[in-house]
Each structure stands twice: as structure tokens, then as C-alpha cells.
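What you see is a predicted model, and the numbers here were worked out from it, not measured in a lab. Note on naming: letters A, B, ... go to the chains in the order of the sequence lines (proteins, then strands), and numbering restarts at 1 for each one.
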There are 2 protein chains.
Amino acid sequence: MARPKKFDEAAGLQKAMNVFWKKGYAGTSISDLTTSMEINAPSLYATYGDKHKLFVSALQTYLQSQHEWMRQAVLEQKPVREIIRYLLATLIDATLEDPERRGCFMVNTITEMANQDTQVFRIAADNEHQIRSILADLIRKGQTSGEIASEKDAEILASFLFINFMGIRVIAATNSDKKHLHSALDAILSAI
Amino acid sequence: MARPKKFDEAAGLQKAMNVFWKKGYAGTSISDLTTSMEINAPSLYATYGDKHKLFVSALQTYLQSQHEWMRQAVLEQKPVREIIRYLLATLIDATLEDPERRGCFMVNTITEMANQDTQVFRIAADNEHQIRSILADLIRKGQTSGEIASEKDAEILASFLFINFMGIRVIAATNSDKKHLHSALDAILSAI
DNA sequence: GTAGTTTTGTAATGATCGATACAAAACTAC
DNA sequence: GTAGTTTTGTATCGATCATTACAAAACTAC
């Protein structure tokens with residue numbers, strides 16, 4: 001019934017995500033996006049809305065894959081401490097292995113815009129809630145299995161872990177000492 | 001011998017710092033700066049160089065006061081754990097009390113630019129080195145006084161603390177639950 | 001084939017970007 | 001006073017910003 005799109009919408013969104021992830025919202029121009037996505041501006045606007053809408057879509061795409069990865073890891077039939085160490089270690093390695101050293105797209109977005117953009121603020125708050133709930137469930141699992149002292153407050157430990165998730169992704173953006181970063185994991189796990 | 005400046009150079013730098021801190025580097029325009037600093041563009045360029053030079057000066061001003069605050073706190077004649085708790089608690093409170101919720105200027109800058117600006121990258125790496133060294137000294141002090149187990153590696157504990165410093169400043173930008181944030185401090189301190 | 005629909009490429013919109021040219025203004029030294 | 005120096009205000013530079021008008025192009029339905 002009409003002329004078909006000659007580009008893949010999801011692939012374009014992925015491309016946009018990578019640009020925003022590297023350069024931030026204000027640091028990315030429409031020209032940066034159209035170049036990377038290999039479409040022209042009118043197609044971008046017709047398909048994804050304006051710059052802000054595209055950014056939010058890209059951020060949500062990122063968060064979905066991040067959450068899925070974490071939910072998968074939590075399902076593993078391994079000791080809880082091992083799962084937590086795997087999560088933290090993978091974050092370190094992924095950050096160090098990224099040739100562009102972009103850190104975490106959610107953290108980057110929080111520090112750039114959460115204080116000025118209510119929609120981004122809500123997404124960040126919701127993300128925190130979701131991840132903390134995944135972590136708290138994991139810790140409660142460790143408590144019922146006897147791996148973690150049941151006197152401890154699972155919610156607080158989850159917040160503690162969440163703080164360390166965020167901190168690690170900031171540090172790993174400028175510190176490349178893999179051995180050193182990994183050795184900090186022992187200290188983190190000793191608090192659980 | 002010449003017409004005198006009618007504005008205070010240090011005060012202007014402080015104003016610029018507050019704008020960059022709130023809006024980031026790319027998000028701040030020269031117009032934002034001249035408005036807040038109450039000078040015109042030619043005066044800005046003559047006094048502080050270009051936008052990037054002014055930004056770096058503002059960042060270094062911020063880091064100096066941050067470091068001074070931390071060095072002061074570390075000198076206190078109090079139990080080491082108490083000092084560490086004070087440092088973390090003050091970071092939480094300061095972030096929550098800031099009506100603009102700007103978080104940490106250094107963290108914001110790392111996540112915005114460290115992967116694209118070698119000068120910023122170096123400043124961030126140097127800052128990490130300095131703060132980790134202050135914290136490691138503090139921990140060694142606690143080890144000689146018997147407050148902290150001397151088997152533990154002071155450098156690693158310092159890195160652990162640094163991670164939590166960074167993490168807390170990211171979280172506190174979107175989470176306003178003061179009681180909750182403070183209760184995570186117990187978990188942090190239990191690892192020391 | 002033709003009519004109808006949507007995407008595409010080109011080209012341009014006004015606004016704002018970082019940075020400066022230039023001259024009037026305000027000071028010091030003498 | 002005058003000469004010399006630097007800052008100020010105004011006005012503007014070309015470049016780029018996000019966004020869109022418009023028409024040719026490419027498809028489907030019939």
C-alpha cells in the first residue's frame with residue numbers, strides 16, 4: 001500500500017543507542033545520528049519522533065537488555081556469592097573491554113540529565129527499583145539456603161550492592177587496572 | 001596602568017563551576033555562562049580562555065575544595081570508622097540537600113567526557129589516585145591503632161571505599177530516601 | 001496500466017552555537 | 001592635562017543546531 005522502509009527500525013535504534021551511549025544526549029547531534037544510522041533526518045523524525053523521544057527509546061532498549069542479562073544470571077544454579085561475584089566481575093570486564101570506554105549508559109544519563117529531565121529521572125528511579133528488587137530476591141535466596149546470615153536486612157544489602165554496581169562502572173571508566181578492580185570484589189563480598 | 005576589571009575573577013570562576021556542575025560541559029552554552037557570571041563574552045575569553053579552559057579551571061577548583069574537605073576530616077582525632085562514616089554520611093546529605101541535585105561534579109564529568117577528552121581523563125585518574133591515597137593512609141592509621149585488622153590490604157580497602165564514594169553520589173542523585181541511604185553505610189563499614 | 005500511500009533525498013528554516021572585531025570607556029603613569 | 005594600556009559593550013562572524021517543506025521515488029491495491 002506504500003513505499004516500504006529500506007532500513008531496519010530496531011537496528012537503527014541500536015545504532016542510535018551506541019551513539020548516545022558514547023557522546024551523551026547534549027553531546028550528540030542529529031547529524032551524528034543520521035550518519036551512524038545511515039538514514040536521513042526526515043526518516044529519523046518520521047520513525048522515532050524527535051531527538052528526545054529517540055534518546056528515551058535508546059535508553060529503554062539498553063535497560064531491557066541489562067535487566068535481562070541480570071535476571072538470567074540470577075537464575076543460575078550456583079552459590080549466591082558466586083552469582084554476585086559474576087555480576088560484578090562481568091561489569092568490570094565489560095567496561096574495560098569496551099574500546100570506547102563508555103561506562104554505563106544509565107549512569108551516564110543520570111549524571112547528565114536526571115536533575116533536569118523528569119522523564120529521565122523517573123526512568124532512573126524505576127531502574128533502581130527493579131535492580132534492587134532483583135538483588136534483594138537473590139539475597140533472600142541466599143538466606144533461605146543458609147549462605148547468607150538471615151539476621152541481615154536483604155533490602156539494605158541490595159542497596160549496598162547497587163551502590164557498588166554504580167561505583168564500579170564509574171571507576172572502570174578511568175581505571176584500567178583489572179587485577180586491582182577485581183581484588184576490590186573481595187571487600188564487597190565480605191559485607192554480604 | 002590600565003582599566004581595571006570590574007568583576008572578581010575567583011567569584012566568576014565559582015559561578016562558572018556551578019553552571020557546569022548543573023548542566024555539564026556540552027549542556028552549558030557560553031550564553032549560560034556570561035549570564036550567570038554577569039560578564040560579557042569578550043571578558044570571559046580574555047580572562048579564562050575558551051570554554052574548555054574555563055571548564056577545566058572550574059573542575060580543578062571543585063576538586064581542590066573536595067580534597068581539602070577530605071584531608072581536614074581525616075586529621076580529626078576520632079576513631080577511623082567514625083571518620084569514614086562521617087565522610088560517607090556527609091556525601092549523602094550534601095547530595096540530598098542540594099536543591100538542584102547535581103551529584104558530584106567529578107563523577108558527572110567522568111561519565112560525560114572521560115572517554116573523549118584526554119585532559120579530563122588525566123584529571124580523573126589523578127583525582128582517583130589522590131583520594132585513594134588519602135583513604136589508604138587513613139586505613140593504615142586504623143591498622144596501627146588496632147581499629148582495623150592489619151591482615152587486610154589497605155590499598156584494596158581504599159579502592160573499595162572509593163567505589164562506594166562514587167556509587168553513593170550517583171544513587172543519591174535520584175534516590176531521596178535519606179534513612180535508606182544511611183542504613184547502607186553499615187554494610188559498607190562492615191567490610192572494613 | 002492507474003490511483004493512493006508512504007518513504008526518500010534535497011534543501012532550507014530560524015535559532016543558537018563558540019568565538020571575535022572594533023571602538024568607546026576607564027583606568028595609571030607622567 | 002596627555003599618552004599608553006586594558007576592559008568593556010555592542011554587534012557580528014561563519015558554523016552548526018534541531019526540525020521541517022516539498023517533491024521525486026517506490027511501493028501496493030485494483
Side-chain angles (χ1 to χ4, degrees), chain A residues 1-60 105 108-109 112-113 116-120, chain B residues 1-60 105 108-109 112-113 116-120:
Chain A
M1 230 215 269
R3 179 175 178 173
K5 277 194 166 70
K6 86 173 182 192
F7 68 95
D8 182 37
E9 192 168 326
L13 186 54
Q14 206 75 22
K15 288 273 193 188
M17 182 193 83
N18 281 315
V19 179
F20 279 131
W21 188 353
K22 175 178 182 181
K23 303 183 138 196
Y25 180 72
T28 298
S29 69
I30 298 292
S31 166
D32 290 331
L33 292 166
T34 55
T35 300
S36 166
M37 300 164 79
E38 294 177 291
I39 61 177
N40 14 14
S43 296
L44 187 153
Y45 280 87
T47 308
Y48 305 100
D50 60 13
K51 185 187 178 187
H52 192 269
K53 282 202 181 69
L54 174 56
F55 180 82
V56 169
S57 298
L59 180 58
Q60 278 165 338
F105 187 21
N108 299 356
T109 303
E112 182 187 1
M113 317 174 64
Q116 285 169 290
D117 187 312
T118 58
Q119 191 177 2
V120 162
Chain B
M1 230 217 266
R3 179 174 178 174
K5 277 194 166 70
K6 86 173 183 190
F7 68 94
D8 182 38
E9 193 168 327
L13 187 54
Q14 206 75 21
K15 289 274 192 187
M17 181 193 83
N18 281 315
V19 179
F20 279 130
W21 188 354
K22 175 179 182 181
K23 303 183 139 197
Y25 179 73
T28 299
S29 67
I30 299 292
S31 166
D32 290 332
L33 291 166
T34 54
T35 300
S36 167
M37 300 164 79
E38 294 177 292
I39 62 177
N40 12 14
S43 296
L44 188 153
Y45 281 89
T47 307
Y48 305 100
D50 60 14
K51 186 188 179 187
H52 191 269
K53 282 201 180 67
L54 174 55
F55 180 82
V56 169
S57 299
L59 180 59
Q60 278 165 338
F105 187 21
N108 298 357
T109 303
E112 182 187 0
M113 318 173 62
Q116 285 169 291
D117 187 314
T118 58
Q119 191 177 1
V120 162

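- Rounded to whole angstrom, the span from the CD atom of B:Glu9 across to the C1' atom of D:dT7 amounts to 13 Å.
- In this structure, B:Ser29 does not reach the C:dT16 phosphate: none of its side-chain N or O atoms is under 4.0 Å from OP1 or OP2.
- Among the protein residues, B:Pro42 comes within range of the nucleic acid bases, having at least one heavy atom under 4.0 Å from a base atom.
- Closest to the side chain of B:Tyr45, out of C:dC27, C:dA19, C:dT8, is C:dA19.
- Using a 4.0 Å heavy-atom distance criterion, A:Ala46 is classed as making no nucleic acid contact.
- Using a 4.0 Å heavy-atom distance criterion, A:Thr34 is classed as making no nucleic acid contact.
- Between the CD1 atom of A:Ile39 and the C1' atom of C:dT6 there is a distance of 15 Å, rounded to whole Å.
- Note: CG (B:Leu44) to P (D:dT6) measures 19 Å, nearest angstrom.
- Proximity note for A:Ala41 (side chain, C-beta onward) versus D:dT8, C:dG9, D:dT19: the nearest is D:dT19.
- Taking the side chain of A:Asn40 as heavy atoms from C-beta on, and the options D:dT8, C:dT10, D:dT19, the nearest nucleotide is C:dT10.
- Looking at the side chain of A:Arg3, the nearest of the listed nucleotides C:dT6, C:dA25, D:dA18 is C:dT6.
- With B:Thr109 as the fixed residue, the side chain to side chain contact (heavy atoms under 4.5 Å, CB included) test singles out one of B:Phe55, B:Phe20, B:Tyr25: B:Phe55.
- Note that the CG atom of A:Asp8 and the CD1 atom of A:Ile39 stand 11.0 Å from one another [nearest 0.5 Å].
- The phosphate of C:dT8 has OP1 or OP2 within less than 4.0 Å of a side-chain N or O from A:Ser43.
- Contacts of B:Thr28 with the nucleic acid, taken as non-hydrogen atoms under 4.0 Å apart, involve only primed sugar atoms and P, OP1 or OP2.
- Between B:Phe7 atom CZ and D:dT8 atom C1' the separation is 10 Å, expressed in whole Å.
- Here the nucleotide nearest the side chain of B:Lys6, chosen from C:dG18, D:dT8, C:dT8, is D:dT8.
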